[in-house]
Amino acid sequence: MTEPGAQYRIRTARPAEIGRLREIEDEAGTMFAGLDLVDDALDVSFPLDELARLLRDGQVWVAADGVDRPVGMVIVSVRDHVAHVEEMDVLPEHGRRGLGSRLLTRVGEWAQERGYAAITLSTFRDVPWNGPFYRRNGFRDLPRDEWSPGMEAVRAAEARHGLRVDARVFMRRELPRSDRPGMQVRVARQTRRLAEVVAFYRDGLGLPEIDRFRGHAGYDGVMLELPGTGAHLEFTATEHLRPPTAHPESLLVLYLADHAAVDRVRVRLAVDPVRSVNPYWDEAGVTVVDPDGFRVVLVAGSSR
């Protein structure tokens with residue numbers, strides 16, 4: 001006997017599908033009609049610019065039907081150092097087939113691969129396909145004294161967009177610790193050109209933004225993930241100290257999948273390569289310079 005969800009598959013969403021994702025969101029939203037939980041006069045849609053960024057970063061997954069057409073989706077960000085489900089929708093006619101649970105499983109796998117300790121989300125407490133559904137999938141309600149620092153801002157944004165916040169709840173699911181021994185690595189650097197540097201590494205090199213902060217002990221900062229490594233880059237801005245001076249032998253070496261991947265990054269960066277002081281790096285890859293003068297070497301293939 002064929003399982004109800006056997007004809008579907010879970011895959012990463014494609015940038016060209018952004019219009020389809022909005023259609024799924026809009027149609028799924030009709031299920032809240034008449035529940036007095038959403039102010040229809042306000043736009044509750046997930047911001048398109050943020051959706052485009054998370055699509056580009058590979059943090060949106062879809063449930064695709066037998067002809068590979070998306071019928072459900074989940075959007076994930078990183079908030080307060082854990083994975084956060086921004087939104088999950090399944091078309092009503094494809095509901096009750098386990099697609100929501102399968103999408104959550106993929107989110108859990110992604111979060112574990114990157115060393116996150118938990119998944120969080122905000123949802124309606126008592127709507128059957130919201131709070132009760134997530135509780136069946138291992139989430140628990142968070143009392144206010146367990147809210148993370150960013151949750152107040154999430155709740156305020158929900159109120160601005162017309163959601164009845166008194167009917168909503170934050171939830172959290174702990175994730176098993178990875179069996180792999182080791183440590184998490186973060187490389188931090190100060191800059192006076194925070195916006196330019198973040199654009200270079202996030203939009204040019206394609207490193208996903210995982211967190212940012214402002215006014216923390218006099219520091220603003222942005223953290224970027226080095227995919228597949230468990231390591232992060234952190235760029236901070238402050239008036240406390242002078243930023244470091246770049247040295248031509250101080251290198252960040254990134255090993256990309258192949259020459260095509262290197263070429264794609266070079267096109268996005270739109271900068272000319274420079275010659276390396278050590279001739280080995282000219283043989284192995286291409287060297288570019290970030291807005292602060294620090295050098296990044298792009299190498300096709302593995303470091304081994």
Side-chain angles (χ1 to χ4, degrees), residues 5 10 13 21-40 42-47 50-51 54 59-63 70-112 116-175:
I10 307 301
L21 301 185
R22 179 50 58 85
E23 290 174 4
I24 293 172
E25 179 185 29
D26 290 344
E27 190 164 341
T30 63
M31 296 177 66
F32 293 93
L35 298 182
D36 193 30
L37 294 173
V38 180
D39 186 344
D40 294 331
L42 297 176
D43 183 8
V44 299
S45 300
F46 193 78
E50 207 37 26
L51 176 57
L54 292 171
Q59 290 172 223
V60 182
W61 292 268
V62 297
V71 297
M73 68 167 180
V74 63
I75 306 168
V76 179
S77 67
V78 177
R79 292 183 181 269
D80 296 316
H81 311 292
V82 299
H84 183 79
V85 176
E86 296 283 352
E87 184 166 340
M88 187 166 73
D89 299 308
V90 175
L91 292 177
E93 62 267 32
H94 294 270
R96 304 183 65 84
R97 304 184 192 189
L99 299 184
S101 295
R102 289 175 62 182
L103 286 166
L104 285 178
T105 296
R106 182 65 191 95
V107 172
E109 293 169 348
W110 176 87
Q112 276 190 274
Y116 297 124
I119 306 171
T120 59
L121 54 87
S122 177
T123 192
F124 287 111
R125 182 182 294 106
D126 300 318
V127 175
W129 59 92
N130 281 197
F133 163 79
Y134 289 113
R135 293 183 194 105
R136 292 195 300 273
N137 278 274
F139 287 80
R140 65 180 178 89
D141 294 21
L142 283 182
R144 197 177 190 93
D145 62 3
E146 289 188 48
W147 285 16
S148 64
M151 287 181 175
E152 292 283 1
V154 170
R155 189 60 88 237
E158 290 176 339
R160 289 194 304 272
H161 288 283
L163 301 182
R164 257 193 55 197
V165 296
D166 64 300
R168 292 182 70 78
V169 62
F170 284 109
M171 307 185 81
R172 179 180 173 109
R173 187 177 83 188
E174 306 298 328
L175 294 173

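A distance of 10.0 Å separates CG of Leu35 from CZ of Arg164, quoted to the nearest 0.5 Å. Here the OG1-CG distance, from Thr105 to Asn137, works out to 7.0 Å after rounding to the nearest 0.5 Å. Atom CE of residue Met31 and atom CG of residue Leu37 lie 12.5 Å apart, to the nearest 0.5 angstrom. Rounded to the nearest 0.5 angstrom, Leu91 CG and Glu27 CD are separated by 5.0 Å. Between Asp40 atom CG and Asp43 atom CG the span is 11.5 Å, to the nearest 0.5 Å.
Closest of all the heavy-atom pairs between Val62 and Ala13 is CG1-CB, 3.7 Å. Across all non-hydrogen atoms, the minimal contact from Ser45 to Asp26 is OG-OD1, 4.0 Å. Of all heavy-atom pairs between Ala28 and Val90, the closest is CB-O, 3.9 Å. Contact detail for Arg173 and Gly108: the closest heavy-atom pair is NH2-CA, 4.1 Å. Ile24 approaches Gly72 most closely through the heavy-atom pair CD1-N, 3.8 Å. The minimum heavy-atom distance linking Val76 with Ala83 is given by the pair CG1-CB, 4.2 Å.
Side-chain atoms of Arg97 come within 3.5 Å of backbone N or O of Glu93 as a donor-acceptor pair. Checking side-chain atoms of Arg172 against main-chain N and O of Leu142 turns up no donor-acceptor pair under 3.5 Å. Checking side-chain atoms of Gln59 against main-chain N and O of Leu54 turns up no donor-acceptor pair under 3.5 Å. Remark: side-chain polar atoms of Arg135 are not paired, donor with acceptor, to backbone N or O of Met171 under 3.5 angstrom.
Partner Phe46 forms a side chain to side chain contact (heavy atoms under 4.5 Å, CB included) with one of Glu25, His161, Met73 and no other, that one being Glu25. The ring-ring contact (aromatic ring centres under 6.0 Å, His included) with Tyr134 is formed by just one residue from the set Phe170, Trp129, Phe139; it is Phe139.
Below 30°, between 30° and 60°, or above 60°: for Trp110 and Tyr116 the angle between ring planes is between 30° and 60°, a tilted geometry. Between Phe32 and Phe124, the angle of the ring planes lies from 30° to 60°, which puts this pair in the tilted group.
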TODO: Kindly determine whether Met88 and Leu103 satisfy side chain to side chain contact (heavy atoms under 4.5 Å, CB included), including the steps that lead there.
DONE: CA-CA 8 Å; Met88 187 166 73; Leu103 286 166; 3.8 Å; yes

Open item on the list: Please evaluate residues Ile119 and Val82 with respect to the criterion side chain to side chain contact (heavy atoms under 4.5 Å, CB included), reporting the C-alpha separation (whole Å), side-chain torsions for both, the decisive distance (0.1 Å), and the verdict.
Closed with: CA-CA 6 Å; Ile119 306 171; Val82 299; over 6 Å; no

Task: Check against side chain to side chain contact (heavy atoms under 4.5 Å, CB included), Phe133 and Val127 - done: CA-CA 9 Å; Phe133 163 79; Val127 175; over 6 Å; no

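At a threshold of 4.5 Å between non-hydrogen side-chain atoms, the residues Arg79 and Glu86 count as touching. Under the 4.5 Å side-chain criterion, counting only non-hydrogen atoms from C-beta, Ile75 is not in contact with Val85. The shortest distance between side-chain heavy atoms of Thr123 and Val169 falls below 4.5 Å.
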Under 3.5 Å, which donor-acceptor pairs link side chains of residues 152-159 to any protein atom two or more places apart or in another chain?
{"unit_1": "Glu152", "atom_1": "OE1", "unit_2": "Arg144", "atom_2": "NH2", "d": "3.2"}
{"unit_1": "Glu152", "atom_1": "OE2", "unit_2": "Arg144", "atom_2": "NH2", "d": "3.1"}
{"unit_1": "Arg155", "atom_1": "NH1", "unit_2": "Ser122", "atom_2": "OG", "d": "2.9"}
{"unit_1": "Arg155", "atom_1": "NH1", "unit_2": "Glu158", "atom_2": "OE1", "d": "2.4"}
{"unit_1": "Glu158", "atom_1": "OE1", "unit_2": "Ser122", "atom_2": "OG", "d": "3.4"}
{"unit_1": "Glu158", "atom_1": "OE1", "unit_2": "Arg168", "atom_2": "NE", "d": "3.2"}
{"unit_1": "Glu158", "atom_1": "OE2", "unit_2": "Ser122", "atom_2": "OG", "d": "2.8"}
{"unit_1": "Glu158", "atom_1": "OE2", "unit_2": "Arg168", "atom_2": "NE", "d": "3.2"}
{"unit_1": "Glu158", "atom_1": "OE2", "unit_2": "Arg168", "atom_2": "NH2", "d": "3.2"}

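Residues that satisfy the side-chain contact (heavy atoms from CB on, under 4.5 Å) test with Ser148, not counting sequence neighbours, are Asp80, Met151.
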